[in-house]
Protein chains: 2
Amino acid sequence: MSGTQGLRERKKAETRLAVHRAALGLAVEKGYDGVTVEEIADTANISRRTFFNYFSDKADAMMYGEEERHRRLVATLRDRPAEESGWVALRAATLELFGSFDSPDREWIARTRLARRHPLLLARQLANLIHLEQQLATLVAERDGDTGVRPRVMVSSLLAALRAATNVWLDDEAGSLAEAIEEGLDVLAGPY
Amino acid sequence: MSGTQGLRERKKAETRLAVHRAALGLAVEKGYDGVTVEEIADTANISRRTFFNYFSDKADAMMYGEEERHRRLVATLRDRPAEESGWVALRAATLELFGSFDSPDREWIARTRLARRHPLLLARQLANLIHLEQQLATLVAERDGDTGVRPRVMVSSLLAALRAATNVWLDDEAGSLAEAIEEGLDVLAGPY
DNA sequence: TGCAAGTTTGCATCCCGTGCAGTTATTCCG
DNA sequence: CGGAATAACTGCACGGGATGCAAACTTGCA
């Protein structure tokens, strides 16, 4: 029966998710500074101390889930056909994941909206993005056999476009996110 | 004689700089977490409490100077000839400032190197960059009469390229920074 | 059942950041 | 010059964040 692990592992995963949801929910409701670790812990029925066994800090608990998204993008890029160039594969992987016409992950939206209102969370999110950037750049560099600055610029500007498109879309949740992202990426394609 | 203000103002500026230098120096020496606000304050001959009259927190004290750089870039862009398109003006302003062949600001290098080793500082630096991005995007949008996603993507990818080039250059301080940046920007020009 | 390993918890501790109020320094002006 | 007004510095107290430690307590397994 056990999904992937013993009861111990499953319980941990459950608790982690519960803590995350508590953190995110409270923060949405009362703002980042308006919520204490103690509240989060209470809401999730664990002790203050145990909170820190699961997450390294408050921001970490709230932003849980980003890593998973990032892992998926990296995996998707890696799985693109080997004959595709770095740019083609990168663009395709991005649209494949973020450009889905399905309604995007509500929790991701909640996290991102929250981050836009709280500099500390925004900073954290951006730092995570840098990490993603490095992983992607490595893959692109391998694909194109280019160890120079080009893969890095390519990846970081793609992520920049992704960010810009997402922000525009979040300003007025009009139209589909997929369209906004495609439009953002197209700006990169043509010369300015 | 007074440069711009009375003795009061000058003294404040001096102290602020002293605190910044103390913070940066100690952090370079002992790492971000290895230095406490108290140490910084002591080194700069002020009280712990007064430290917080000058800077909102430790990271702020260490990253002091970034804002000034950013203000300069914004001003430079604003001063470009009105007939230049957003992209041309942006590129020109960037090269004008960061592409100088003079040896780049040693303190900026120290800050940036430090930020690369300390996630918390990196996060802060990136958050500042977002602020710059918004200002630049507004100016570009005005120039091009475009209220859509295009100016944002343009600006954020330019900054991304700038960042990538800087990072490559910092890895092995070989060649001039100006060349690295020009190369980075050129990647954006051509299609991938 | 009982032991080994893993998890939770409380406690103590240090540091960060801020409100407050008293003291000290600077500026302004009669 | 000298005193009032203003601004800056400081100590204190406090709440909250984050971590090491050791004592419970669970769980898994022989």
Side-chain angles (χ1 to χ4, degrees), chain A residues 1-20 22-24 26-27 29-64 114-115 118-124 127, chain B residues 1-20 22-24 26-27 29-64 114 118-121 123-124 127:
Chain A
M1 250 316 175
S2 68
T4 48
Q5 291 285 341
L7 176 135
R8 237 170 187 154
E9 299 298 321
R10 265 184 294 130
K11 263 201 139 180
K12 273 193 81 156
E14 251 175 62
T15 302
R16 172 171 262 105
L17 198 59
V19 174
H20 164 60
L24 189 57
L26 288 171
E29 181 186 345
K30 311 164 65 168
Y32 179 80
D33 296 311
V35 49
T36 68
V37 169
E38 187 152 22
E39 277 180 290
I40 299 171
D42 283 355
T43 305
N45 286 311
I46 56 172
S47 72
R48 207 176 78 87
R49 189 62 185 81
T50 300
F51 171 91
F52 289 105
N53 288 344
Y54 281 94
F55 296 104
S56 63
D57 56 39
K58 235 193 332 180
D60 198 30
M62 293 173 190
M63 289 299 122
Y64 176 68
L114 191 64
H118 297 283
L120 231 140
L121 291 179
L122 178 61
R124 177 67 64 105
Chain B
M1 248 319 174
S2 70
T4 47
Q5 290 286 342
L7 177 136
R8 232 169 191 159
E9 300 298 320
R10 263 183 297 129
K11 262 200 139 178
K12 271 194 81 156
E14 251 175 61
T15 302
R16 172 170 261 105
L17 198 59
V19 174
H20 165 60
L24 191 57
L26 287 170
E29 182 187 344
K30 312 164 65 168
Y32 179 80
D33 296 311
V35 48
T36 68
V37 169
E38 188 152 22
E39 277 181 290
I40 298 171
D42 284 354
T43 305
N45 285 309
I46 57 173
S47 72
R48 202 178 80 87
R49 188 62 185 79
T50 299
F51 171 92
F52 290 105
N53 288 343
Y54 282 94
F55 297 104
S56 62
D57 57 37
K58 239 195 326 181
D60 197 32
M62 291 172 190
M63 288 300 124
Y64 176 66
L114 192 63
H118 297 282
L120 233 139
L121 291 179
R124 177 66 63 106

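Just so it is clear: chains get the letters A, B, ... in the order the sequence lines come, proteins before strands, and each one is counted from 1.
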Under a 3.5 Å distance rule, please check whether [X] uses its side chain to pair with a backbone N or O of [Y] as donor and acceptor.
X       : Y       : answer
A:Arg16 : A:Tyr54 : yes
A:Lys58 : A:Val35 : yes
A:Thr50 : A:Asn53 : no

DNA chain C: 5'-most and 3'-most nucleotides touching chain A, 4.0 angstrom heavy-atom criterion: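 Both ends considered, the range comes out as C:dA5 to C:dC11.
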Heavy-atom side-chain proximity of B:Lys30 to B:Glu39 below 4.5 angstrom: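 Touching, per the 4.5 Å side-chain cut-off.
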Euclidean distance, B:Leu120 CG relative to B:Tyr32 OH, rounded to 0.5 Å: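 Answer for the OH-CG pair, B:Tyr32 versus B:Leu120, is 5.0 Å.
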Gap separating the CD atom of A:Glu38 from the OG1 atom of A:Thr43, nearest 0.5 angstrom: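 Here the interatomic distance stands at 10.5 Å.
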For B:Tyr64, all residues meeting ring-ring contact (aromatic ring centres under 6.0 Å, His included), sequence neighbours excluded: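 For B:Tyr64, the residues satisfying ring-ring contact (aromatic ring centres under 6.0 Å, His included) (neighbours in sequence not counted) are B:His20, B:Phe55.
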B:Lys11 or B:Ala59, whichever maps to the more 5' nucleotide of DNA chain C: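 Result of the comparison: B:Ala59.
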B/S/- contact track for nucleotides 5-17 of chain D, protein heavy atom under 4.0 Å: -BBSSBBB----S
Sole candidate of B:Asp42, B:Ile46, B:Asp57 that passes side-chain contact (heavy atoms from CB on, under 4.5 Å) when paired with B:Phe51: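 Single side-chain contact (heavy atoms from CB on, under 4.5 Å) partner of B:Phe51 among B:Asp42, B:Ile46, B:Asp57: B:Ile46.
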